[in-house]
Amino acid sequence: MRSKMILALILATAGAWAAGVRAQKPTPTPLMDSRGLPLPFGVQPYYKPDVPLGSGPYKAIMATEAGLSAHVAYYPADLAPFGAKKMPVVIWGNGSCLYVGNRYRQLLTEIASYGYLVITGGPMGPVENEVGPQSNPAGRGQAAADARPPQANAANAAGAPQQRVTVALLKEAVDWAIKQNGDQSSRFYGKLDLSWVVPMGHSCGGGLAVQFAIDDTRLHGLGIWFSGAGLAGARGNDPASLQKIKGPVLIITGDEKNDIAYGSGKSTFEALNHTAVFYGWQDGLQHIGTFGAKNAGDLGIVARNWLEWTTRSDQKAAAMFKGPNCTLCKDTAWHIAKKKIDDRLTTSTRR
């Protein structure tokens with residue numbers, strides 16, 4: 001009898017231990033792609049380029065267009081519902097100035113699904129690029145003993161294309177969009193709002209976007225993601241040149257510890273005084289952002305709301321940025337600073 005009791009106790013103890021182990025949630029080993037690089041957002045389901053995606057009302061595709069072979073275009077699969085409604089144009093520069101047009105598919109499809117034509121530099125690349133940025137450079141706040149060289153990424157992986165996205169390449173995208181809007185044989189004929197051609201970019205591509213906004217008078221508005229003036233050789237670190245930027249500016253970074261571009265974003269905000277600027281950084285947000293998550297995660301929501309407010313005067317979208325109780329202002333994880341945002345016209349942001 002006693003032996004049976006001892007056996008029962010042993011089994012009960014073992015069962016409780018096993019249950020405790022199962023209840024724990026150890027940090028999973030990050031998934032890796034075929035190059036041995038981490039996939040922090042997991043593996044997004046793969047869809048062919050012509051499958052409409054995005055959370056918006058106009059599910060969007062990505063495509064290589066005639067006359068634009070060195071770029072990838074993102075736009076609603078069905079343009080018929082637009083009627084007289086026009087599509088603003090967003091020109092995107094990749095992180096690492098990477099010459100792969102499908103790298104930021106999650107973000108750019110999400111934007112396009114709200115009724116935008118988005119064009120990014122670089123042709124279609126390998127499918128594995130579509131999960132978004134994979135490598136996070138060491139943050140400036142890391143102790144010297146913890147500092148590690150940035151992991152290899154698609155820009156320097158063996159066999160990767162050696163071209164880089166440039167301001168000149170992004171300019172070709174604007175030229176093409178303008179031509180398409182006036183070409184009666186184009187699907188975009190008369191459907192583009194060329195008063196809103198907005199450059200945006202991440203990291204190195206953000207530096208290109210700043211320089212592009214300074215150089216090209218056809219542009220209005222600017223989105224700087226984990227970047228700033230002077231990055232990637234942009235001449236925008238000269239405060240005088242920044243005065244040439246037209247329209248509202250969005251600057252988003254991670255925190256000082258996790259984002260190597262924190263300082264660039266902060267100094268760019270401080271240097272811009274002639275136009276409306278919204279600057280935000282989030283605790284714990286890394287330089288890679290959330291661009292590789294489904295629909296680009298939280299940053300996809302920020303991007304589309306910013307564009308809906310600034311290019312279409314959508315006041316519901318404006319609530320994320322405008323006023324002392326703006327959505328991001330009330331979020332304790334976000335740190336916000338603004339210039340000329342809350343005194344903008346309520347019906348238009350083109351002042």
Side-chain angles (χ1 to χ4, degrees), residues 49 60-75 87-112 116-134 153-157 159-180 188 192 194 196-216 218-229 231-236 261 288-289 291-292 296 299 303 307:
I61 63 173
M62 65 176 183
T64 299
E65 296 290 313
L68 201 66
S69 60
H71 306 72
V72 172
Y74 298 76
Y75 53 85
M87 292 190 294
V89 180
V90 175
I91 308 297
W92 178 263
N94 291 336
S96 299
C97 293
L98 185 65
Y99 191 69
V100 176
N102 56 328
R103 178 64 160 171
Y104 288 74
R105 183 180 186 181
Q106 296 292 331
L107 172 70
L108 305 186
T109 302
E110 176 69 0
I111 292 174
Y116 294 81
L117 169 63
V118 185
I119 306 174
T120 183
M124 292 281 190
V127 170
E128 64 186 7
N129 281 297
E130 295 177 15
V131 296
Q134 300 305 302
N153 58 36
N156 55 29
Q162 297 304 303
Q163 299 96 323
R164 286 167 61 86
V165 175
T166 62
V167 169
L169 190 68
L170 299 181
K171 179 180 180 296
E172 290 178 12
V174 178
D175 295 340
W176 181 87
I178 292 173
K179 182 178 179 180
Q180 294 298 304
F188 301 110
L192 304 180
L194 297 178
W196 283 107
V197 181
V198 184
M200 286 188 165
H202 174 224
S203 194
C204 178
L208 296 181
V210 173
Q211 189 61 56
F212 196 17
I214 291 170
D215 291 348
D216 199 315
R218 300 172 298 179
L219 307 181
H220 195 94
L222 173 62
I224 305 172
W225 300 87
F226 306 85
S227 187
L231 195 65
R235 298 189 300 278
I288 58 173
F291 299 118
L299 297 184
L307 289 168

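- Atoms OH and CD1, on Y74 and I61 in that order, are 11.5 Å from each other to the nearest 0.5 Å.
- Shown here for A209 and G201, the closest heavy-atom pair between the two residues is CB-N, 3.9 Å.
- Here the straight-line distance linking atom CZ of F188 with atom CE of M87 works out to 5.5 Å at 0.5 Å rounding.
- Residues L107 and L299 are not in side-chain contact: their nearest non-hydrogen atoms beyond the backbone lie 4.5 Å or more apart.
- The CD atom of E65 sits 8.5 Å away from atom CD1 of I119, with the distance rounded to the nearest 0.5 Å.
- In this structure, T120 contributes its side chain and G101 its backbone to no donor-acceptor pair below 3.5 Å.
- No side-chain heavy atom of L108 sits less than 4.5 Å from a side-chain heavy atom of M62.
- By the 4.5 Å heavy-atom criterion applied to side chains, W176 and H71 are not counted as neighbours.
- The shortest distance between side-chain heavy atoms of Q180 and L68 does not fall below 4.5 Å.
- A heavy-atom distance below 4.5 Å is found between the side chains of R218 and K171.
- The aromatic rings of Y104 and W92 sit tilted, their planes meeting at an angle between 30° and 60°.
- H202 contributes atom NE2, which lies 13.0 Å from atom CD1 of I224 (distance to the nearest 0.5 angstrom).
- Atom CD1 of I111 is separated from atom CD of Q106 by 12.0 Å, given to the nearest 0.5 angstrom.
- The side-chain heavy atoms of P123 and T64, taken from C-beta on, include no pair separated by under 4.5 Å.
- A 4.5 Å side-chain heavy-atom check between V89 and Y116 finds every atom pair outside the cut-off.
- Look at D175 and K179 and you find no salt bridge, because none of the NZ, NE, NH1 or NH2 atoms lies under 4.0 Å from a carboxylate O.
- Note that CG of N94 and CZ of R164 are 11.0 Å apart. Values are rounded to the nearest 0.5 Å.
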